[in-house]
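For reference, the structure is listed below as structure tokens.
Protein chains get the first letters and strands the later ones, always in sequence-line order, with residue 1 at the start of each. Source: prediction; values computed, not measured.
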Amino acid sequence: MKERLRALVYEALERCRQNGSLTPGPTPTFTIESPVNPEHGDFAVNVAMLLARAEKKAPRQIAESIVAALGDGGGLCQRVEIAGPGFINVFLASSCWYGVLDEIHRRGSAYGPAASGGGAKVQVEFVSANPTGPLHIGHGRGAAIGDVLCRLLAATGWDVTREFYYNDAGAQIANLALSVQARCLGIEPGDARWPADGYQGEYIKDVAQAYLAGATVAADDRQVTAAADPADLDAIRCFAVASLRHEQDQDLRAFNVRFDVYTLESSLYTEGRVEAAVRQLVANGHAYEEGNALWLRTTAFGDDKDRVMRKSDGSYTYFVPDIAYHLHKWQRGFVRVVNEQGADHHSTVTRVRAGLQALGVGIPQGWPEYVLHQMVTVMRGGEEVKISKRAGSYVTLRDLIDEVGQDATRFFFIMRKADSQLVFDIDLAKQQSNDNPVYYVQYAHARVCSINRNAAEAGIKVPVVGAVDFSRLVLSEELALAKLLARYPETVEGAARSLEPQRVTTYLQEVAAAFHSYYNKQRVLVDEMETSRARLYLVNAVRSVLANALGLLGISAPEQM
RNA sequence: GCGCCAGUAGCUCAGUUGGACAGAGCAACGGCCUUCUAAGCCGUGGGUCGGGGGUUCGAAUCCUCCCUGGCGCGCCA
């Protein structure tokens, strides 16, 4: 609808230039928006104000020329007004809006955004937690945001690869192995022989027991059987990593999040990618030796200080495999890469991009893209729950899903933009009250289903496309609902383009509110058959959009509650 | 000290590539169930959009300087 109008405005501008009411020149990129105030029409075009400077004329004067050239837009526009500083307000015939209902019914679950991605390859890397413990609430936020980003990109026509990257070899993993070994030997935290900075959580004890019992665990794409030998630190490490990855997989499955590819940091070494990247950086003249270490001149690419690549002990710092990993992503053909991670890692953004620029292989400057989510503060019993991973005291994602439910947990995590800090009040979320906006939205869906059941009982079917008399829909609330439903595709497109899932939850709440209000004001099933059928058609379009949007977020759309 | 992110109603937060009088939920107060689910609806009160400058026809939105909070500033990841 909006795009049709845009084309009409372009044609009008062209006619203005031909008849001399506008001087020849480039057309600025103008906006067409849906005003909040219905008095401002269905669409507001700001092109006249943008042209004012170049034309050296008053915006309203320019608007008059454009409106004259626009005419009635081939029957699309019922009325066109010039208002305020020079807005062109377009009022469409209500029949245009009710046509949206036909489109929704015709396309069903396919009603939504256009496939603007054109099938191009995009990779979304998210969660990427190290296998040293269960996923906590912060990972949950990353999982929810990352998963929905994938869904949004897929819905807009991108070929999405979901990827999980984890460190299976560094110092933290060595620490993990030592902790499990200590538990195998019956050593407890506090004991003199307990490893410094060991992981103290109860789950370490479970891993140790399984290891001693010779258990087999499956994680990602491999299986590991425990050697059961407390002296074999290497075997313990392999088993512990697999066990914790297995646990994380279970948590993610419970959250309805899946991945296509798992990449291990160790593979970057065994495949020679780290060495190759370093060689390239040295060859390009961006590295230098100092203090027995190898440095990368990241300051040449916007960093505030140079960074060590190879430590004096010969091992690499963490961001070197990161660069090698991203080079590999580039080589795998991803035109876009989106990394979703916690904002506490934001300093890696500059480093990774600097390293990729230094490689000189033609990677664009803003590649990869980052979505960084701010911290999650957990409240329980009115107090902040302090997170200490080593001590094992934190709220796990699994606890949260068990207590709050998958749907509400998801909705809470994506309801707010990633940039904002999030206070997750567990007590509040646990009360399955209407404080949980997800119920509000789901209830709207269930209510339509309930109407459908009553209609079926009365022998009224939901009408098929073309069999509805739209003139029965005379209420302003009905027209408003149709207009709101028409905005669904562009809402999803905007959310995908800006990588902002919260736009969809905001929209869902708007649709649910409009529906609940309508429901309370007006009965759908009335004595008048044709009116009942028209309203049934309308509310089922609402149901369809609610179901599509909830599905896009990975949230269920229950038929009754 | 430097960098990144935030600061919008009592609380938690939206605010669509700058757009027309700033919105929602919760909390407070007052109404609505013999009719499709009251997990709902209607109404009232409540805001110098942290503060000062600037750009613009127009700023919560962009620039700049302050203030406050979070995070990061390692040869940890």
Side-chain angles (χ1 to χ4, degrees), chain A residues 29 31 33-37 39-40 44 46 48-50 52-53 58-60 83-87 89 130 132 167 170-173 265 291-295 303-305 307-319 321-322 342-350 372-375 377 415-423 425 428 432-440 442-444 446-455 457-458 487 490-491 493-495 497-498 500 502-503 505-507 509-510 512-513 515-521 523-526 532 535-536 539 560-561:
Chain A
T29 49
T31 60
E33 48 178 65
S34 317
V36 184
N37 187 337
E39 286 173 24
H40 297 148
N46 69 348
M49 291 176 290
L50 297 175
R53 180 175 285 252
R60 293 187 67 112
F87 285 103
N89 291 339
N130 282 343
T132 54
N167 166 0
Q172 292 183 24
I173 299 299
E265 187 183 10
N292 214 17
L294 184 67
W295 296 69
D303 204 353
D304 53 358
K305 60 175 99 162
R307 306 290 168 178
V308 169
M309 286 198 287
R310 190 168 55 224
K311 298 181 256 181
S312 47
D313 70 359
S315 64
Y316 290 109
T317 55
Y318 76 96
F319 87 103
D322 253 13
D344 53 338
H345 290 99
H346 77 262
S347 59
T348 66
V349 176
T350 310
L372 305 176
H373 64 261
Q374 293 290 329
M375 304 245 88
T377 309
M415 220 165 75
R416 285 136 196 197
K417 61 183 175 202
D419 282 339
S420 297
Q421 290 178 40
L422 177 66
V423 176
D425 187 330
L428 187 70
Q432 300 207 338
S433 67
N434 45 9
D435 289 346
N436 287 347
V438 62
Y439 293 132
Y440 182 78
Q442 289 179 321
Y443 184 43
R447 267 187 157 171
V448 179
C449 293
S450 174
I451 294 170
N452 286 345
R453 285 190 292 271
N454 288 315
E457 215 164 285
R487 266 176 41 206
E490 72 202 57
T491 300
E493 281 157 22
R497 186 181 53 246
S498 57
E500 292 184 352
Q502 86 281 357
R503 293 193 193 188
T505 56
T506 304
Y507 174 78
Q509 292 178 86
E510 243 183 283
F515 170 75
H516 283 309
S517 177
Y518 176 61
Y519 177 95
N520 275 276
K521 181 166 186 174
R523 277 186 64 89
V524 170
L525 303 175
V526 291
S532 297
R535 289 179 179 167
L536 200 54
V539 297
Q560 57 185 40
M561 294 177 72

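Among the protein residues, A:K417 comes within range of the sugar-phosphate backbone only, with heavy atoms under 4.0 Å from sugar or phosphate atoms but none that close to a base. If you check every strand for non-hydrogen atoms under 4.0 Å, A:Y507 touches nothing. No contact: A:S498 has no heavy atom under 4.0 Å from any strand.
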Interface polar pairs with nucleotides 56-62 of chain B, N/O, under 3.5 angstrom:
| from | atom 1 | to | atom 2 | distance (Å) |
| --- | --- | --- | --- | --- |
| B:C57 | OP1 | A:R53 | NH2 | 3.4 |

Between protein and nucleotides 75-77 of chain B, what N or O pairs are separated by less than 3.5 Å?
| from | atom 1 | to | atom 2 | distance (Å) |
| --- | --- | --- | --- | --- |
| B:C75 | O2 | A:S312 | N | 2.7 |
| B:C75 | O2 | A:S312 | OG | 2.9 |
| B:C75 | N4 | A:G291 | O | 2.9 |
| B:C76 | OP2 | A:K311 | NZ | 2.5 |
| B:A77 | OP2 | A:Y318 | N | 2.9 |
| B:A77 | O3' | A:N167 | ND2 | 2.9 |
| B:A77 | O2' | A:N130 | ND2 | 3.2 |
| B:A77 | N6 | A:Y318 | OH | 3.0 |
| B:A77 | N3 | A:H345 | NE2 | 3.4 |

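Pair assignment for B:G23: B:C13, on the basis of Watson-Crick or G-U wobble contacts that are both within less than 3.5 Å.
Positionally, the nearest nucleotide of RNA chain B for A:H346 lies more toward the 5' end than for the other of A:N89 and A:H346. Of the two residues contacting RNA chain B, namely A:A343 and A:A446, the nearest-nucleotide position lying further toward the 5' end is that of A:A446.
Of the C1' atoms belonging to B:C26 and B:A9, the separation is 12 Å, rounded to the nearest Å.
The side chain to side chain contact (heavy atoms under 4.5 Å, CB included) test applied to A:K521 returns A:E477, not counting sequence neighbours.
In this structure, the aromatic ring of A:Y443 is not positioned over the six-membered ring of the base of B:G40 within 5.5 Å between centres and 30° between planes.
By the rule that a glycosidic angle within 90° of 0 means syn, B:C41 does not qualify and counts as anti.
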